[in-house]
Each structure stands twice: as C-alpha cells, then as structure tokens.
Number of protein chains: 2
Amino acid sequence: MIAFYNGEFLPIEKISISPFDRGFLFADGVYEALRTYNKKLFMLQKHLERLKYSLEQINLNFSEFNQLENIIYRCAELNSLDTDFSTYIQITRGVSFPRTHYYSNQIKPNLFVFVSPLKNRGREINEGVSVTLEQDVRWSRCDIKSIALLPNVLANHKAISEGHYEAVLFRDNFITEGSHTNFFAVKNDSIITAPLSNYILNGVTRSIIFNLCEENNIQIIEEYILLDEIFTYDEFFLTGTTTEITPVVKIGNRMVGDGKPGKLTRKIQKLFYEFVRKH
Amino acid sequence: MIAFYNGEFLPIEKISISPFDRGFLFADGVYEALRTYNKKLFMLQKHLERLKYSLEQINLNFSEFNQLENIIYRCAELNSLDTDFSTYIQITRGVSFPRTHYYSNQIKPNLFVFVSPLKNRGREINEGVSVTLEQDVRWSRCDIKSIALLPNVLANHKAISEGHYEAVLFRDNFITEGSHTNFFAVKNDSIITAPLSNYILNGVTRSIIFNLCEENNIQIIEEYILLDEIFTYDEFFLTGTTTEITPVVKIGNRMVGDGKPGKLTRKIQKLFYEFVRKH
C-alpha cells in the first residue's frame with residue numbers, strides 16, 4: 001500500500017513517524033475520514049471545513065488544505081483503486097523535543113493520508129445492526145475530531161466483543177452519539193437526534209439528513225434521546241461517512257419493534273442515496 | 001540521544017514508529033514517568049504497579065515489566081548520563097491494519113523508553129509558582145495514565161502562554177488536579193486534596209505525602225478543594241514526580257498569602273526530601 005506522508009508517496013512500511021511526534025506522545029492532532037461515490041470525493045468541502053474547525057480549536061497551524069484533494073486522488077491512483085474508497089487524513093502538531101505538554105508554535109505539522117477500498121456494508125444497511133449502550137466517558141470537546149480516541153476505542157471494542165456493531169454513548173440520562181457515528185431515533189413520525197454541542201461531533205451525514213428532512217417536510221428535532229425512555233422510541237439509526245444510514249434493530253439484547261429497519265429509516269436511506277446520486 | 005524501542009537501543013532518529021501504530025492513530029496506549037535520586041530510580045515498584053493498573057484498565061496485554069529497570073539504566077549509560085535523570089515509558093497496543101477502533105488481542109504491544117537529564121527546578125521549588133484555573137474537559141477516566149493527553153496539552157499550553165507554570169483544573173465547583181500534577185491546599189493546619197476517584201491520577205508523590213503526614217501527625221483530608229472558596233485556603237502546592245513539592249504562590253493574578261511558600265508547604269518539602277534520602 002502506498003500512502004502519503006509529508007510531501008512523499010511511500011509504501012506504508014517506509015513511512016517513519018518519530019517517537020517524538022506529538023501525535024504519538026500526546027494525541028496532539030486531528031483527523032478526517034471521507035469516502036467517494038462514483039469515484040468522486042463526497043462532501044469534500046464540508047469535511048475540509050470541519051478539519052479547519054478542529055485545527056483552529058486546538059490552535060494547530062496548517063494551511064495546505066488545497067493540496068488534500070490531489071493527494072487523495074493520487075493515493076488512489078498509486079494503489080490502483082478502481083472502486084470507491086475511503087480516505088483518512090491526519091494532521092499532528094509535529095515533532096518536538098524534549099517532551100513537554102507545552103509546544104512551540106514554530107514546529108511543523110505532520111500530514112498523513114491513506115486510502116482504503118470500502119468494504120461492502122450491504123448487509124448492515126439492509127438488515128440493520130445491534131448496538132449496546134455504554135457510558136460516555138469521553139472528554140467534553142467531542143466537537144473536535146481529535147485523535148485522542150482511546151475512550152472511543154474502549155467503547156467500540158467492548159460493543160464488538162459482545163456481538164454488537166457499535167456502542168451508543170450516554171451522559172447521565174442523555175444519549176450523545178455512537179463511538180464513531182451519530183445516533184438518531186424516530187418517534188411519532190419525527191426524527192430526533194442530540195443537539196449540536198461540545199458533546200457530539202457535527203457529522204457531515206447528520207447535516208445532510210437535516211437538509212433532506214427540511215426539503216421533504218419530515219419533522220426533525222434536535223433534542224436528547226433519553227436513556228430511561230429508550231424503548232419508547234419507534235426506530236433508530238446510526239449515521240456516518242462510511243456508516244451511511246445504518247438501521248438499528250436491536251439495543252442490548254432487546255429487539256427494536258419487529259427487528260426490521262423502520263419505515264422512516266428506510267425513507268431517509270432512500271432520500272440519502274438520491275442525494276448521493278445528484279452529488 | 002539513544003532510546004529504547006522494541007528490544008533495541010537506537011539513536012532517536014533511527015526509531016521508526018509505524019503510522020498504523022494504534023498509539024499514533026487512536027492514543028491507544030499508556031505511559032509512566034519516573035526519576036532518579038542519587039542515580040537510583042525512585043519508587044520504581046509504585047510506578048510499575050500503576051503502569052500495570054493502566055494497562056489492565058485498557059485491556060492491553062504487556063508482561064515484560066521485569067525488563068524495564070535494566071532498560072532504563074542501560075539507556076542512561078548509553079547516553080553517558082552521570083547526573084540524576086527522568087525516564088519515560090510508553091506502551092502502545094501495537095500496529096494494526098486496516099484502521100478500526102476494534103482491535104485484535106493478537107497484536108504485539110510496542111514499548112518505547114527514553115531518559116533525559118533533569119533540569120534544575122531549584123527556583124520553582126524555593127520561590128513557588130503561579131497557576132491558572134481552567135475547566136477540566138478531560139475524559140472521566142483520569143485514573144488511567146493514558147497518552148490521550150490532548151486536553152492536558154491544551155490546558156497546560158494556555159497556562160504557560162499566559163505566564164503561569166501549570167493549569168489547575170476544575171469540574172463544576174470541584175478542583176481535581178493539575179494538567180500533569182496533583183494539587184493540594186492547606187487550611188487551619190490541615191492538608192486537603194481531591195479524593196482518589198476516576199477524576200484524578202493516583203500520584204506516587206501524592207501517596208508519599210499521605211504517608212508522611214500520618215507519620216508526622218499532620219492532618220490530611222481527602223476532600224475536594226472548592227473553586228468558589230479557593231481564596232479561603234491558606235497555602236497551595238503541586239506535586240508530581242519531577243514537580244516534587246512545588247509551592248503555589250499565585251493563582252491567576254492574585255497572590256496567595258504574602259506571595260511566599262507557606263509554612264506547612266515548607267514542612268512537607270522538608271519531610272519529602274528526608275524521605276528521598278532514606279530511599
């Protein structure tokens with residue numbers, strides 16, 4: 001596999017990260033994950049805007065946004081990817097020595113980009129998945145897409161180890177989002193999801209759903225889904241760049257409805273793929 | 001500089017971390033920092049116990065604890081360090097591909113160790129330092145010494161940029177600890193510090209102080225120092241492996257007492273160095 005690191009396209013095993021990269025020592029960096037449809041990067045501008053936001057929030061100076069699109073397509077070409085693919089962009093603050101929490105503004109950020117073929121998720125999309133509910137122990141700046149993902153790793157790993165697809169997280173009685181997805185519920189023909197705040201990521205797919213609902217007169221409400229009322233909702237789904245719109249048909253060991261993707265979830269999926277075709 | 005990485009002692013620039021090391025992509029790892037006194041590692045067993053605890057909490061299998069002492073002394077030797085030094089041990093979950101939050105239990109952890117000469121902190125220890133108060137936005141498992149340190153970096157960087165030595169963190173009205181230190185107050189001849197919980201690190205120096213207080217009939221109380229009562233306390237100090245017992249003489253732009261290290265803080269410093277000499 002060929003990936004990009006600081007100006008060079010290299011076989012992955014030739015890419016050498018310094019142990020004093022602040023990404024390795026302090027999780028001092030941010031990332032984005034995108035995908036293509038019809039071999040074209042989907043919602044690139046939205047992802048770049050969010051990347052800028054994350055960088056600003058952690059005061060990391062990076063300016064080579066204009067090069068990212070070319071880097072990604074060139075990576076795909078060098079790996080002879082002739083199908084749709086996902087891509088990952090990570091920017092860390094750079095290498096500094098000695099190890100101190102404090103950093104100099106003079107250090108040069110490190111850019112790492114790779115592409116991967118997308119795996120087929122037809123089954124999850126069509127049949128839905130099972131999720132587990134876990135306490136949200138993450139920091140309170142989940143609006144920043146940082147690489148400090150250990151809590152997400154622990155929650156997702158536990159979920160998958162127990163046979164689920166994703167961990168859906170709650171703070172007190174409020175459901176925030178999944179470990180790498182946004183979480184939606186349906187009740188009385190309205191769609192409900194957590195409001196934007198420092199506790200959730202401003203998902204690109206999430207924002208598309210808001211637009212689709214407005215255009216199609218589907219009521220969508222930003223309010224917390226309540227943990228202790230979770231089984232009073234009619235349908236659930238997860239969203240994300242590679243997750244797309246994935247129905248949730250089981251929570252813990254309890255079936256949602258008849259265990260099949262809900263009607264409004266299906267409608268949102270349909271509207272989403274129509275939107276994809278037009279973009 | 002020679003450091004240790006996965007079985008080899010190498011010049012730092014020859015150490016190559018894979019971009020798929022989960023430490024680099026997910027902050028999926030833990031660390032310890034120790035120091036020597038009289039060229040002997042101080043409280044090694046306590047640090048190794050805490051390292052084991054951190055590893056267990058994130059379900060990371062590592063068993064080569066017995067080798068660490070030799071690795072550290074050999075590093076010091078190879079760098080011709082003939083003074084006291086600090087050392088850093090980092091264990092990440094290892095390299096895995098493709099990038100998924102979920103990990104296999106089969107991957108081999110990566111061990112990185114380096115040593116550095118200690119810088120002279122006589123001035124901070126003798127004259128005290130200034131701290132700023134910042135909101136604690138960290139995750140709620142601060143008892144794990146993980147490398148997901150971005151919030152600590154942001155808080156500490158802000159503090160230092162504004163001319164302080166450390167950021168002291170609060171959740172609601174409760175002071176937890178510093179960005180890389182524990183925080184203590186003195187009131188009516190009693191010492192007060194946050195109780196052990198998931199919100200603070202179980203500091204090795206913190207635990208020494210508890211023992212010293214017991215042995216010397218100094219009352220020490222585990223309770224939260226309250227943010228809105230901060231200026232009703234008489235003295236403050238920070239503790240940590242390299243911080244030792246550092247008096248706090250200024251909080252924000254407000255002097256503590258007469259701006260000099262407090263009497264009980266001085267006594268704790270004295271007892272601490274006596275303890276050090278005996279160990």
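All values derive from a computational prediction rather than experimental measurement. In what follows, chains carry the letters A, B, and so on, assigned in the order in which the sequence lines appear, proteins first and then strands, with residues in each chain numbered from 1.
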Name the region of A:Thr100, side chain, backbone, both or neither, that has any atom closer than 4.5 Å to a heavy atom of chain B.
-> neither
Can you measure from CD1 (A:Ile15) to OG (B:Ser18) and round to the nearest 0.5 angstrom?
-> 8.5 Å
So what's closer than 4.5 Å to chain B heavy atoms on A:Asp21: side chain, backbone, both or neither?
-> side chain
Below 4.5 Å from any heavy atom of chain A, which atoms of B:Tyr103 appear? Answer side chain, backbone, both or neither.
-> both
Hey, which of A:Gln135, A:His180, A:Arg93 has the most heavy atom pairs under 4.5 Å with chain B?
-> A:His180
Checked B:Ala3, B:Gly29, B:Pro151 vs chain A; the most non-hydrogen pairs under 4.5 Å come from B:Pro151
Answer yes or no: is there a side-chain heavy-atom contact under 4.5 Å between B:Trp139 and A:Leu150?
-> yes
Chain B contacts, top residue of A:His101, A:Lys158, A:His157 (heavy-atom pairs, under 4.5 Å) = A:His157
Just give me the residue among B:Phe114, B:Tyr5, B:Phe26 that pairs up with chain A most often, heavy atom to heavy atom, under 4.5 Å.
-> B:Phe26
OH of A:Tyr102 to CD1 of B:Ile160, rounded to nearest 0.5 Å, is 7.0 Å
The reported gap from CD1 in B:Ile147 to CG in A:Asp28 (rounded to nearest 0.5 angstrom) is 12.0 Å
Is it the side chain or the backbone of A:Pro19 that comes within 4.5 Å of chain B heavy atoms, both, or neither?
-> both
Which residue out of A:Asn156, A:Leu25, A:Leu154 racks up the most heavy-atom pairs below 4.5 Å with chain B?
-> A:Leu25
Would you mind telling me which of A:Gln57, A:Glu13, A:Gln90 has the largest number of heavy-atom pairs within less than 4.5 Å of chain B?
-> A:Gln90
Any cation-pi pair here, B:Arg99 with A:Tyr31, using under 6.0 Å and within 45°?
-> yes
Provide the closest heavy-atom pair for B:Ala148 versus A:Ala27 in the form atom of the first, atom of the second, distance.
-> CA-CB, 3.9 Å
Hey, which of B:Ser161, B:Ser116, B:Ser16, B:Pro98 has the most heavy atom pairs under 4.5 Å with chain A?
-> B:Ser16
